[in-house]
Amino acid sequence: MTKKVATRTVAGLFTLAGLMAFYRWYQGFVVDPDLGTVDSAGWIAAIEMTPSGSKAVLIKPDGTKVDNPGYRDGVNDKDVAWSPDGNRLFFSSDREKGVFQIARWNPSKGNVEVRSVGSRSKARLNFSPPGYVSTPTTGLIVAGGFVLEFDPRGGTTRQVLPPTTGVVATGEEGGSQGQFDAYYRNLGQSFREAKYGKDRKGVFAVIRRDLGEALIYQPLELIEDAKGNVSLPRPQGIVAADSIEFDVNSDGLLAYTVRGFRFFDPANAPEAQKRNGELVPPYRNALFTLDVNAQSVTPMPVFVSPDDEIAAGQVVFNPTGGTLLFQSGRVNKLSQFEVAGMLSVVVDGEGLKSAQQLTRGLVSDFSWSPDGNRIVFVMSKDGQRGLYTIKPDGAALEPLGSLKGDFDDPKFSPAKPK
């Protein structure tokens, strides 16, 4: 008898657990009944320029181009971003009331829904770095100069940078929210882009300043002192420059380009950089890697240039390892970056291991396939910004299908073949 009761109890517990799981699923379904999956392995998303605007499109492995539903002349789409599982495509669009909101395209249903709300434009959606095992449903966006965490299921946002009132800063006695505000006022005015670091324990971001911009890192893990007081580490300024591009891989390794080095605070610049009463920058342009999780947090140079004859632009990590793509070029007398080609370098926390020129010409917007075996990018040729693919060793450079027109921002789906 006792054994039967025990068996029934266990069965009841399993039933209850199943009902609770269904209840949680149903709660999510009521908030956002977004169902359906799609095998998007090998698909590429991009922005196609139209006579009056720009639209998000999908390109299948056979070269078929699919326009997003509901697009109309005059609408501007930008900043495509795949969900980490490859089932949805997100992009920023001004299709509703002229304000850029985050839209979600469900290819399995063939519909596009605007998932964010409010009067502030929203852009630059980023999920976790490629290669993560987990598939988080939230990502970082920039809105009104702030960095927000965006949940497309409910369309909700939460401010991440600058940290909100209620969390104090560590680093000095009597840490307070006021000190946090002061830290960020000294760093800059508004954010341009942000990406999570390893395991979402911190955020890397570019913030605009009066002159140029700065790259910072904000740890997100709270610290508790011996008295039980909880605080947040203050932001770390990494570099300031006229222009900065960066990427983060799944191990948390940061790569960043510096064009036109600037001192964070010229009044407190190191004495070693002063010559006859004038500040002398340590370099002009550079590409570095940095591991903020290492015991010795020291930038490792891939290259450093004393003048504008050598410079770097966009930088993108291979999702499967330490290979890095970047634009090579120079800065002209008008302070404009002139792209000369695409370079591939192998890097780690100790810097450069090897380098290879992949292409020459005006190239941009690189994206790796999830297995790291193909690269899609934009190349200006014959007056058009076409889509091309190439292998990591520089072989098999070819146009993407028979597509004609001008494109931007191609992105491989993160889905892998089944």
Side-chain angles (χ1 to χ4, degrees), residues 76 78-79 81 92 94 99-102 116 118-126 139-150 157-164 169 177 179-197 202-220 234-248 254-269 279 281 283-288 290 292 299 308 311-316 326-327 331 334-337 364-365 408-409:
N76 294 284
K78 62 179 183 178
D79 299 341
S92 184
D94 65 356
V99 176
F100 281 98
Q101 301 285 5
I102 304 299
S116 61
S119 59
R120 293 188 300 183
S121 289
K122 301 165 184 67
R124 306 303 291 267
L125 174 62
N126 274 298
L140 295 177
I141 62 172
V142 175
F146 298 90
V147 175
L148 311 177
E149 185 177 59
F150 171 64
T157 59
R158 176 183 66 87
Q159 184 170 320
V160 176
L161 299 181
T164 54
Q177 182 64 33
Q179 285 184 355
F180 240 137
D181 292 340
Y183 294 149
Y184 276 92
R185 281 196 300 271
N186 290 333
L187 290 171
Q189 289 81 40
S190 65
F191 289 96
R192 175 172 64 80
E193 184 178 14
K195 296 180 181 181
Y196 279 114
V203 172
F204 296 95
V206 171
I207 186 170
R208 297 184 179 94
R209 316 183 82 203
D210 288 335
L211 294 173
E213 51 193 24
L215 176 62
I216 71 163
Y217 177 68
Q218 174 62 65
L220 296 179
R234 60 184 181 181
Q236 304 166 16
I238 296 173
V239 71
D242 292 339
S243 179
I244 299 167
E245 300 291 343
F246 76 101
D247 197 20
V248 188
L254 169 73
Y256 61 97
T257 64
V258 178
R259 294 205 305 271
F261 174 90
R262 289 184 177 274
F263 292 98
F264 264 107
D265 182 3
N268 294 308
L279 287 178
Y283 58 88
R284 177 65 178 164
N285 305 306
L287 169 58
F288 291 96
L290 178 66
V292 297
D308 282 336
Q314 296 172 353
V315 59
V316 182
F326 68 92
Q327 289 173 311
V331 179
L334 299 177
S335 298
Q336 299 167 330
F337 180 52
S364 64
D365 300 345
D408 274 326
D409 199 23

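When reading the values below, keep in mind they use all heavy atoms of this one structure, side chains included, and skip hydrogens, waters and symmetry mates.
- Side-chain atoms of Asp79 never come within 3.5 Å of backbone atoms of Ala123 as a donor-acceptor pair (strictly under, hydrogens ignored).
- Of all heavy-atom pairs spanning Arg124 and Arg192, the tightest one is CG-O, 3.7 Å.
- Nearest approach of Glu193 to Phe246, heavy atoms of both residues: OE1-CE2, 4.1 Å.
- In this structure, the side chains of Tyr217 and Leu254 stay at 4.5 Å or more apart for every pair of heavy atoms.
- Glu149 and Tyr196 form a side-chain donor-acceptor contact under 3.5 Å, judged by distance and modelled atom types alone.
- Taking OH from Tyr184 and CD1 from Ile216, the interatomic distance works out to 4.0 Å, rounded to the nearest 0.5 Å.
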Kindly determine whether Leu220 and Val160 satisfy side-chain contact (heavy atoms from CB on, under 4.5 Å), including the steps that lead there. CA-CA 9 Å; Leu220 296 179; Val160 176; 4.2 Å; yes
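- Expressed to the nearest 0.5 Å, how far OH of Tyr256 lies from CG of Leu287 amounts to 9.0 Å.
- Here the OG1-CD1 distance, from Thr257 to Ile244, works out to 8.0 Å after rounding to the nearest 0.5 Å.
- The heavy-atom pair separating Gly237 from Leu187 by the smallest distance is CA-CD2, 4.4 Å.
- For the atom pair CG of Asp242 and CZ of Arg284, the computed distance is 5.5 Å after rounding to the nearest 0.5 Å.
- In this structure, CD in Gln336 is found 12.0 Å from CG in Asp308, a value given to the nearest 0.5 Å.
- A cation-pi arrangement is absent between Lys122 and Phe150, since the terminal nitrogen or guanidinium carbon is not both under 6.0 Å from the aromatic centre and inside a 45° cone about the axis.
- Partners of Glu245 by salt bridge (charged side-chain N to carboxylate O under 4.0 Å, His left out), not counting sequence neighbours: none found.
- Nearest heavy-atom pair across Ala81 and Leu125 is CB-O, 3.6 Å.
- In this structure, the separation between CG on Leu161 and OG on Ser190 is 12.5 Å, given to the nearest 0.5 Å.
- No donor-acceptor pair closer than 3.5 Å links the side chain of Arg208 to the backbone N or O of Gly145.
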Working for side-chain contact (heavy atoms from CB on, under 4.5 Å), residues Phe326 and Asp247: CA-CA 10 Å; Phe326 68 92; Asp247 197 20; over 6 Å; no
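- Closest non-hydrogen pair, Ala194 versus Val203, comes out as CB-CG1, 3.9 Å.
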Test side-chain contact (heavy atoms from CB on, under 4.5 Å) on Phe204 and Ile238 and set out the steps. CA-CA 9 Å; Phe204 296 95; Ile238 296 173; 4.1 Å; yes
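- Remark: side-chain polar atoms of Arg259 are not paired, donor with acceptor, to backbone N or O of Ala241 under 3.5 angstrom.
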For a side-chain contact (heavy atoms from CB on, under 4.5 Å) check, start with the C-alpha distance between Leu148 and Arg120, then their side-chain angles and the critical distance, and finish with the verdict. CA-CA 12 Å; Leu148 311 177; Arg120 293 188 300 183; 4.2 Å; yes
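- In terms of modelled atom types and a separation under 3.5 Å, the side chain of Ser92 and the main chain of Phe100 share no donor-acceptor contact.
- Taking the salt bridge (charged side-chain N to carboxylate O under 4.0 Å, His left out) definition, one finds that Asp408 meets it with Arg385, sequence neighbours left out.
- At least one donor-acceptor pair under 3.5 Å links the side chain of Gln327 to the backbone N or O of Gln314.
- Of the options Gln218, Arg234, Gln236, a side-chain hydrogen bond (donor to acceptor under 3.5 Å, both in side chains) to Tyr183 is made by Arg234 and by none of the others.
- Of all non-hydrogen atoms in Gly197 and Val248, the two that sit nearest each other are CA-CG1, 4.3 Å.
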